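The block underneath contains the structure these notes are about, expressed in structure tokens.
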Protein chains: 2
Amino acid sequence: MPLKNTGTEQLIKDTAKRLIFAEGKLHATTQEIADAAGVNRTSLHYYFRSRDLLIAAVFQEAMQGLSERLNQCMVSAKPFKQKVEFLIEVFLKDMMAFPYQETFMVTEINTVGKQLVGNIDSEPVKSFLNEVQQEMDSGNLKAMPPSQFLMNLFSLLSYPLIMAPLYKQLFQLADGAFNELITARKAMIMELIFNGK
Amino acid sequence: MPLKNTGTEQLIKDTAKRLIFAEGKLHATTQEIADAAGVNRTSLHYYFRSRDLLIAAVFQEAMQGLSERLNQCMVSAKPFKQKVEFLIEVFLKDMMAFPYQETFMVTEINTVGKQLVGNIDSEPVKSFLNEVQQEMDSGNLKAMPPSQFLMNLFSLLSYPLIMAPLYKQLFQLADGAFNELITARKAMIMELIFNGK
DNA sequence: TTTTTGTTTAACAAAAATGTTAAAATAAAA
DNA sequence: TTTTATTTTAACATTTTTGTTAAACAAAAA
């Protein structure tokens, strides 16, 4: 629709992402988004027609981003261990920037409906799970259902960042100290899931 | 306030908990809560005065519940390994019933403010972390900052349940098959965090 | 039974959030 | 420089959600 395109459309979308994914304001209002973007609320309707459509756009881009990250990490030609290392790097970085992305997707699915998920491509994941199985067969990984391995990996990666506000309180840590904990996790997760092998 | 007490107050609170914590409707409206509870929306105001106060009551009970579970699991007289086993059981059960409890608390903190957390007692956690340190010193656990050990434990426990809607899709699993995966995790988590020791 | 107390409800009111319209502002094209 | 197309905005309208009031109802006490 826009031809002149001064970047406002992208600005609104990015601001919505920041509020929702980074700051965890899962039900930011159109006014809050417009204010944070420094535009009039009507602009938001001009570009997206309704709040729902803006949210849908944001959701869909998050889903696509996730899909691309999975693809990038899971179907590369790297040897398995390097592949996992790369995956941890990519997802840890993403989670540090947008810790509430996954939370948003899940709660959105819970309120709007499962049909939202439809477009995710599960092929890369399937091929990765196969590779995990092979590694287990060769004795390079402790045997377990490959889906468990994958859930373990993502649990260790994502959960501490999602729950950061709670853990900062529980451990009495300021932002800086907590971030150090998080960045130290890459090596630790590798150790843990490869069981010292 | 209520003297006759027909159980409506508790019913409303429990229904709110079900919608928010179990079904993941993190911003259920008063109408949705009243409908689900089968009462008139005005009753909700009669007992709680406002939506905010109902939500505050729900939040506070969740916080207290968490506090109690932590206490129950972390300061018992059990030997360390049994203690962890017990903790996994308790929290896995709770997460299966109310997967979005923690998510709710975090997003609430992100929108309302950190002062909400205030009342959590971090003493049981501190004493547990000390015990973890001792186990590491004795060589029963791989050495790492104890807070990392604790985050690992809770990550492995909680994350798959929080993200269930996504993983069911990704693995193409129905509810039954997914639940089997989850219940199989207790033993697996023990193995993983004790590193076969 | 009638009085009192507590509970539930319908009807109404207010506030908050979303959506629409038309006009003003801006910038490129003719 | 006028014209045209696009973008931005203010003002208004609608819908949704929350909150209030007063009356109906129910049950125990007087």
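Everything numeric here is computed off the predicted structure, so don't read it as measured data.
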- prompt: Between the side chains of A:Glu102 and B:Tyr159, is a donor N or O closer than 3.5 angstrom to an acceptor N or O?
  reply: yes
message: Whole angstroms only, please: what is the CG-P distance between B:Leu53 and D:dT18?
response: 13 Å
field: Polar contact flag, side-chain donor to acceptor under 3.5 angstrom, B:Asp35-B:Gln31
entry: yes
task: Please determine if A:Glu135 and A:Lys81 form a salt bridge, counting it only when a charged side-chain N lies under 4.0 Å from a carboxylate O.
output: no
task: May I have the distance from A:Leu54 (atom CG) to C:dA17 (atom P), rounded to whole angstrom?
output: 16 Å
Validation row, ring centre B:Phe149 to ring centre B:Phe154 under 6.0 Å: no
task: Could you tell me the separation between the CG atom of A:Leu44 and the C1' atom of C:dT18, rounded to a whole number of Å?
output: 10 Å
- line: Side-chain atoms of B:His45 come closest, of C:dT7, D:dG19, C:dT18, to D:dG19
message: What does the B/S/- profile of nucleotides 9-14 of chain C look like, 5' to 3', with a 4.0 Å heavy-atom cutoff to protein?
response: BB----
query: Given atom CG of B:Asp35 and atom P of D:dT17, what is their separation to the nearest angstrom?
result: 11 Å
task: Identify the nucleotide, in any strand shown, that forms a Watson-Crick or G-U wobble pair with D:dA30, with both distances under 3.5 Å; if there is none, say none.
output: C:dT1
Whole angstrom value for the distance that separates P of C:dT7 from CG of B:Leu11: 14 Å
message: Centroid separation under 6.0 Å, is that true for the rings of A:Phe21 and A:Phe104?
response: yes
message: Please report the distance, rounded to the nearest Å, between CD in B:Gln10 and P in C:dT7.
response: 14 Å
message: Rounding to an integer number of Å, can you tell me how far A:Glu9 CD sits from D:dT7 P?
response: 9 Å
field: 4.5 Å side-chain heavy-atom contact, B:Leu129 and A:Phe171
entry: yes
query: Less than 4.0 Å between a side-chain N and a carboxylate O, is that true for B:Glu85 and B:Lys78?
result: no
- line: note: A:Phe48, atom CZ; D:dT8, atom P; distance rounded to Å ~ 12 Å
- prompt: Given the rule in the salt bridge (Lys or Arg N to Asp or Glu O under 4.0 Å) test, do A:Glu32 and A:Lys25 qualify, once you have shown the distances and angles that lead to the verdict?
  reply: CA-CA 10 Å; A:Glu32 287 170 324; A:Lys25 312 256 168 76; over 6 Å; no
- request: Kindly say if B:Thr8 contacts the phosphate of C:dT7, meaning a side-chain N or O under 4.0 Å from OP1 or OP2.
  value: no
message: Any residue in residues 20-32 of chain A with a heavy atom nearer than 4.0 angstrom to DNA chain D? Just list them by number, or reply none.
response: none
message: Can you see whether B:Asn110 engages A:Tyr100 through a side-chain donor-acceptor pair at a distance of less than 3.5 angstrom?
response: yes
